[in-house]
Amino acid sequence: MAIKSSIYNCVIRELPKIENRAGNITPLTSGKTTPFLIKRVYYLYDVPGGSVRGGHAHKNMQQLLIAASGSFDVLLDDGTNRKTVSLNRPYYGLYITSGIWRELLNFSSGAICLVLASTYYDESDYIRSFEEFKKFYN
Ligand code: T46
């Protein structure tokens with residue numbers, strides 16, 4: 001049995017925002033903006049209306065999810081508790097610890113989900129079945 005994570009440790013972090021008349025900039029610094037060192041960056045875009053992404057947990061990877069454009073909801077489940085967080089501002093990031101089941105849904109048209117990740121891509125880090133996830137952590 002693995003050490004169980006809690007959705008209550010998955011929190012919104014306010015990101016730096018430098019404003020001027022010509023627009024805003026949010027710098028993301030590994031280990032400073034994020035509570036982990038960033039090994040990988042990727043983004044979800046062109047998500048068709050009604051699509052659900054995620055639908056898995058990561059055994060080791062931690063992440064910061066940012067709605068760089070538009071909005072979407074993130075459902076988080078630790079095997080006991082469940083909550084949904086809405087992301088709709090590019091200066092807020094949702095920190096997700098390892099060991100959390102997540103589903104991304106209700107993408108607005110043109111939404112971009114920017115992901116800062118603590119690990120390189122590794123398919124063996126995924127748990128893609130909710131039943132398996134619950135067995136792994138309970
Ligand atoms: C999460 C949400 C926000 C790669 O080859 N390299 C990569 O770095 C990634 C992220 C994916 N892939 C491949 C693996 C799959 O064949 O792309 C395909 C779709 O990946 P995945 O199932 O991870 O896609 P999502 O959008 O369901 O989930 C991803 C993250 O993995 C996940 O942790 O929270 O974005």
Side-chain angles (χ1 to χ4, degrees):
M1 192 183 76
I3 295 171
K4 196 165 155 54
S5 303
S6 167
I7 55 167
Y8 299 110
N9 293 324
C10 300
V11 291
I12 292 281
R13 292 169 69 94
E14 187 162 359
L15 308 174
K17 180 182 176 192
I18 302 162
E19 302 179 56
N20 77 25
R21 273 172 297 169
N24 306 328
I25 182 167
T26 289
L28 305 173
T29 308
S30 179
K32 194 172 166 197
T33 319
T34 53
F36 52 82
L37 295 178
I38 300 168
K39 289 253 180 72
R40 184 164 48 117
V41 176
Y42 54 93
Y43 42 100
L44 311 178
Y45 57 99
D46 287 350
V47 180
S51 296
V52 178
R53 298 206 59 122
H56 57 250
H58 289 279
K59 294 174 196 162
N60 294 307
M61 185 174 81
Q62 306 168 62
Q63 290 162 293
L64 193 76
L65 266 56
I66 301 164
S69 184
S71 62
F72 53 86
D73 295 334
V74 187
L75 181 153
L76 302 170
D77 192 312
D78 57 21
T80 304
N81 296 301
R82 182 171 269 224
K83 69 176 179 181
T84 299
V85 178
S86 295
L87 290 176
N88 54 18
R89 295 280 184 274
Y91 50 88
Y92 286 120
L94 173 63
Y95 171 59
I96 306 182
T97 65
S98 57
I100 298 288
W101 183 267
R102 88 288 316 275
E103 293 173 19
L104 278 68
L105 63 163
N106 297 330
F107 283 86
S108 68
S109 170
I112 298 177
C113 171
L114 175 64
V115 184
L116 311 179
S118 68
T119 61
Y120 298 120
Y121 175 70
D122 173 9
E123 186 58 36
S124 69
D125 188 54
Y126 284 73
I127 304 175
R128 290 189 181 274
S129 144
F130 190 66
E131 287 314 304
E132 196 188 314
F133 166 71
K134 283 199 295 187
K135 274 190 218 144
F136 196 77
Y137 288 104
N138 283 298

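As the structure is a computational prediction, the values presented were derived from the model and not from experiment. We count ligands from 1, going down the list as the structure has it; atoms in each ligand are counted the same way.
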Lys17 to Tyr91 six-membered ring, cation-pi geometry met (6.0 Å, 45°): yes
For ligand 1, protein residues within the heavy-atom limit of under 4.0 Å are Arg40, Tyr42, Leu44, Arg53, Gly54, His56, His58, Met61, Gln63, Arg102, Leu104, Val115, Tyr121, Tyr126, Arg128
Tyr121 meets the side-chain hydrogen bond (donor to acceptor under 3.5 Å, both in side chains) criterion, sequence neighbours left out, with Glu123
Hits for side-chain hydrogen bond (donor to acceptor under 3.5 Å, both in side chains) against Tyr43, two or more places apart or cross-chain, chain-then-number order -> none
Test: Arg128 cationic atom under 6.0 Å from Tyr126 six-membered ring centre, within 45° of axis: yes
Taken in chain and number order and not counting sequence neighbours, the residues that satisfy side-chain contact (heavy atoms from CB on, under 4.5 Å) with Asn88 are Ser71
Salt bridge or not between Asp125 and Lys59? Use side-chain N to carboxylate O under 4.0 Å. no
